[in-house]
Amino acid sequence: MIRACVIGWPIAHSRSPLIHGHWLEKYAIQGAYEKKAVEPQHLKDFLNNLAHHGYAGCNVTIPHKEAAFHIARPDALATRLGAANTLYLRDGILHATSTDGEGFMASLKADAPGLVLVGKSALVIGAGGAARAIILALLDHGIGHIDLVNRTPERARELSRHFGNRVTPIAWDRLEQALENQSLLVNTTSLGMAGQPTLAIRLDRLPLEAAVADIVYVPLETPLLKQAALRGHPTSGGLGMLLHQAVAGFELWFGTRPQVTPELRALVEADVRKTM
Ligand code: ATR
């Protein structure tokens, strides 16, 4: 019996057990995936004793992504990000990686199969942890240029310094102007999430072939995605990223590479709708 878990503080809202539980059943694997509420001051102790607790690995979510990276042995990707969301034991050593960027790219490719990014330009809104993972993934997939807009300009400048001259910070009041010539627009902020303000933006200047992605998945279709779909843009919602980021972790712990199917998506969508 292989066990894995997701740890966070709080953790009640996590949909990871639903996703991994579905795959365990589908692939008839003798395993379990549980939720564990771990307070920040107990994180180190918990991770250092992960095997003792009976786990082969875990997902880490808010607020543990950076701390987990310092406690476990990060791979090259986690090192470049300074954060991790997926931990796994090998020969008694706890390794850390990040699957958020891979999840974003896989979801985007599934939703906008014709989209070409190599040598093109993208506009990213937000400069937090999710933005870092997505920017890195876009750069690694050959994006030519990224314009970065953030409410707090210093954080966008900091990311630009970190990632180099392919990332340009743009002032918030130039957001709509900056839509011109983009092949992709990504919202990585919580704007548009249920209970949060919406992202006030008119997409008029965005080229019609550009794709629009949002990491928010409550609601499943944010006002941004609704506006984009009405204009005919290919759209990619946050639920796809959530589902696809889970693939690599499941394979690392349970040894089978699972598939993101319409059946799984419908299961998690129904759960999201229940909470709205
Ligand atoms: P995460 O790790 O999920 O990306 P984060 O590091 O807290 O979370 O980042 C949240 C992002 O959403 C930031 O870019 C934040 O902007 P600031 O850097 O100015 O804080 C952005 N954000 C959150 N609420 C916002 C709001 N009401 N208006 C504009 N941006 C907002």
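Atoms within a ligand are numbered from 1 in the order they appear, just like the ligands themselves.
Salt bridge Arg15/Glu269: absent, no basic N to carboxylate O contact under 4.0 Å. Ion pairing of Arg157 with Glu154 is present here, as a side-chain N (NZ or NE/NH1/NH2) and a carboxylate O approach within less than 4.0 Å. Between Lys65 and Asp100 there is a salt bridge, with a side-chain nitrogen of the basic residue lying less than 4.0 Å from a carboxylate oxygen of the acidic one.
Residue pairs that meet the salt bridge (charged side-chain N to carboxylate O under 4.0 Å, His left out) test with at least one member in residues 202-220, sequence neighbours left out, are Glu180-Arg205, Arg202-Asp204. Contacts classified as side-chain hydrogen bond (donor to acceptor under 3.5 Å, both in side chains) and involving residues 108-117 (residues at least two apart or in different chains) are given here: Asp111-Ser236.
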Give every pair made of an N or O atom of ligand 1 and a protein N or O atom lying under 3.5 Å apart, one pair per line with both atom names and the distance to 0.1 Å, or write 'none'.
{"unit_1": "ligand 1", "atom_1": "2 (O)", "unit_2": "Gly129", "atom_2": "N", "d": "3.1"}
{"unit_1": "ligand 1", "atom_1": "4 (O)", "unit_2": "Gly129", "atom_2": "N", "d": "3.1"}
{"unit_1": "ligand 1", "atom_1": "4 (O)", "unit_2": "Ala130", "atom_2": "N", "d": "3.1"}
{"unit_1": "ligand 1", "atom_1": "6 (O)", "unit_2": "Gly129", "atom_2": "N", "d": "3.4"}
{"unit_1": "ligand 1", "atom_1": "6 (O)", "unit_2": "Arg155", "atom_2": "NH2", "d": "3.4"}
{"unit_1": "ligand 1", "atom_1": "14 (O)", "unit_2": "Ala127", "atom_2": "N", "d": "2.9"}
{"unit_1": "ligand 1", "atom_1": "14 (O)", "unit_2": "Asn150", "atom_2": "OD1", "d": "2.6"}
{"unit_1": "ligand 1", "atom_1": "16 (O)", "unit_2": "Asn150", "atom_2": "OD1", "d": "3.3"}
{"unit_1": "ligand 1", "atom_1": "18 (O)", "unit_2": "Asn150", "atom_2": "ND2", "d": "2.8"}
{"unit_1": "ligand 1", "atom_1": "18 (O)", "unit_2": "Arg155", "atom_2": "NH1", "d": "2.8"}
{"unit_1": "ligand 1", "atom_1": "19 (O)", "unit_2": "Arg151", "atom_2": "NE", "d": "3.0"}
{"unit_1": "ligand 1", "atom_1": "19 (O)", "unit_2": "Thr152", "atom_2": "N", "d": "3.0"}
{"unit_1": "ligand 1", "atom_1": "19 (O)", "unit_2": "Thr152", "atom_2": "OG1", "d": "2.5"}
{"unit_1": "ligand 1", "atom_1": "20 (O)", "unit_2": "Arg151", "atom_2": "NH2", "d": "2.9"}
{"unit_1": "ligand 1", "atom_1": "27 (N)", "unit_2": "Arg151", "atom_2": "NH1", "d": "3.4"}

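Leu47 forms part of a hydrophobic cluster together with Ile7, Val38, Leu43, Phe46, Leu50, Tyr55, Val60, Ile71, Leu87, Leu89, Leu94, judged by ILVMFWY side-chain heavy-atom separations under 4.5 Å.
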